[in-house]
Amino acid sequence: MNRPFHRRTAAAVAVGAVSLPALLLAASPAHAASASIEPPTSEMPWCDEVERAEDISVFLEGVPEEVTAPEEWQEYTYQVHNGTDEPIGPIYTRTTAWYNSNDGVDEPYPFNLQWWVDDEWREVPWESDSYDGHFGEIAELAPGETGEAQIRTRGHLNRPGWVDVTVSARFHGAEGSEDHYTCYTAERAEQWALIVADEEPEPTDPEPSEPGEPSPEPNAPQPQTGSDGDADDDRELAATGGSSALPVAAAVGGVVLVAGVGAVVLARRSRTTA
């Protein structure tokens, strides 16, 4: 009974031994080993030129698509990945944010932007002149390694709008000299909506009448009004007798018609007799 189990176990171990290196090589940056991001300590390098880093990527993990409570903390992860085959360092990390409203006010409104370091949350000094606003530093990032930091943000007002977040990383090129330095940078922008629930609509039903106040009769007939021309026609009809004179005129006309026919018949008979 145990032999099939042992065979399956041995086969699984063999397959795992063959496929494990391939899986490690194909691992995404999010699952690669992470390097520590610490507050900057070394002097920022002077950059005569800034070029785009081809094999260094920076991105955010876990950002929301929309937020229905702008005043609550939203947490996500800053990540920078070394896709080259050489170690790189130091790498300086930076992130910025803006809370924008679409309720008629153009200027952004106050918010907090913090990162987790030394077992506490600290404000991100992205508007500071110190280290050109870079909040962290990675001493060295090995090939295939990812550095990351936890970030959180919240607005001070419950207003509809959107959040703009930009993350970047910068490092000094190895080919720099004393007279000319080239820096390489990677950056990415993220955005999510701020949705605030509208206030409850006011009731549209009519207010109930006060006690003792007579309520209007339902479907009460309304007086019919016409144009001035219709009113004049009605007045003329009333002055000439209107509908009450029509039967009498019809009767008189019938008697006259019968008398006339009789007179014609008598006249013809008189000619015949003569």
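- Each of Glu120, Glu123, Arg154, Arg122 was scored for a side-chain hydrogen bond (donor to acceptor under 3.5 Å, both in side chains) with Gln114, with one residue passing: Glu123.
- Between the side chain of Glu75 and the main chain of Gln150, no donor-acceptor pair closer than 3.5 Å is present.
- The closest side-chain heavy-atom distance from Pro108 to Asn100 is below 4.5 Å.
- To the nearest 0.5 Å, atoms CD (Glu148) and OG (Ser36) are separated by 10.0 Å.
- For the atom pair CG of Leu157 and OG of Ser101, the computed distance is 8.5 Å after rounding to the nearest 0.5 Å.
- Between Phe111 and Trp126, the two ring planes are parallel [angle under 30°; tilted spans 30° to 60°].
- Between the CD atom in Glu137 and the OG atom in Ser42 there is a gap of 3.5 Å [rounded to 0.5 Å].
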> Between Val67 and Glu72, is a side-chain contact (heavy atoms from CB on, under 4.5 Å) present by the stated rule, with each step listed?
Replying inline: CA-CA 9 Å; Val67 171; Glu72 295 182 3; over 6 Å; no
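- Listed here is the closest heavy atom pair of Trp98 and Glu127: CH2-OE2, 3.8 Å.
- Between Pro143 and Asp85, the closest heavy-atom pair is CG-C, 3.6 Å.
- Taking the six-membered ring for Trp, Phe135 and Trp115 have ring centres closer than 6.0 Å.
- At a threshold of 4.5 Å between side-chain heavy atoms, the hydrophobic network of Ile, Leu, Val, Met, Phe, Trp and Tyr places Ile37 and Leu113 in one connected group.
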> Is there a side-chain hydrogen bond (donor to acceptor under 3.5 Å, both in side chains) between Gln79 and Thr77 once you walk through the steps?
Replying inline: CA-CA 6 Å; Gln79 296 180 326; Thr77 305; 5.6 Å; no
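- Smallest separation of non-hydrogen atoms from Leu60 and Glu190: CD1-CG, 3.7 Å.
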> Going through the distances and angles, do Tyr184 and Arg52 end up as a side-chain contact (heavy atoms from CB on, under 4.5 Å)?
Replying inline: CA-CA 5 Å; Tyr184 296 89; Arg52 178 182 176 184; over 6 Å; no
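- Defined by atom type and a distance below 3.5 Å, a donor-acceptor pair is missing between the side-chain atoms of His81 and Ser57.
- Arg94 and Asp132 are not joined by a salt bridge, as no carboxylate oxygen comes within less than 4.0 angstrom of a charged side-chain nitrogen.
- One side chain, Asp164 or Gln191, offers a donor N or O that lies under 3.5 Å from an acceptor on the other.
- Between Tyr109 and His156, the ring centre distance reaches or exceeds 6.0 Å.
- Side-chain N or O atoms of Asn82 include none that pairs as donor or acceptor with a backbone N or O of Gly144 at under 3.5 Å.
- Under a cut-off of 6.0 angstrom, the local environment of CG in Asp103 is crowded, with over 12 non-hydrogen atoms contributed by other residues, nucleotides or ligands.
- There is no path of hydrophobic side-chain contacts, each under 4.5 Å, that joins Trp162 to Val165.
- Between the side chain of Thr93 and the backbone N or O of Gly136, at least one donor-acceptor pair lies under 3.5 Å.
- Among Thr96, Thr95, Ile151, the one residue that satisfies the side-chain contact (heavy atoms from CB on, under 4.5 Å) test with Val167 is Thr95.
- The SG atom of Cys47 lies 4.0 Å from the CZ atom of Arg170; values are rounded to the nearest 0.5 Å.
- Under the 3.5 Å distance criterion, with hydrogens and angles disregarded, a donor-acceptor pair is assigned to the side chains of Tyr99 and Thr153.
- Ala53 and Phe171 make their closest contact through CB-CE2, 3.9 Å (heavy atoms, listed as atom of the first residue, atom of the second, distance).
- The two residues Ala35 and Ile138 come nearest to each other via the heavy atoms CB-CG2, 4.1 Å.
- For Tyr76 and Trp192, the ring centers are positioned less than 6.0 Å apart.
- With values rounded to the nearest 0.5 angstrom, Thr146 atom OG1 is found 7.0 Å from Leu141 atom CG.
- The closest side-chain heavy-atom distance from Val58 to Tyr78 is below 4.5 Å.
- Aromatic rings of Trp73 and Trp116 (six-membered ring for Trp) have centroids beyond the 6.0 Å cut-off, not under it.
- Taken to the nearest 0.5 Å, the OH atom of Tyr181 stands 12.0 Å off from the CH2 atom of Trp46.
- Of the possible polar contacts, one joining the Thr185 side chain to the Ala169 backbone as a donor-acceptor pair under 3.5 Å is found.
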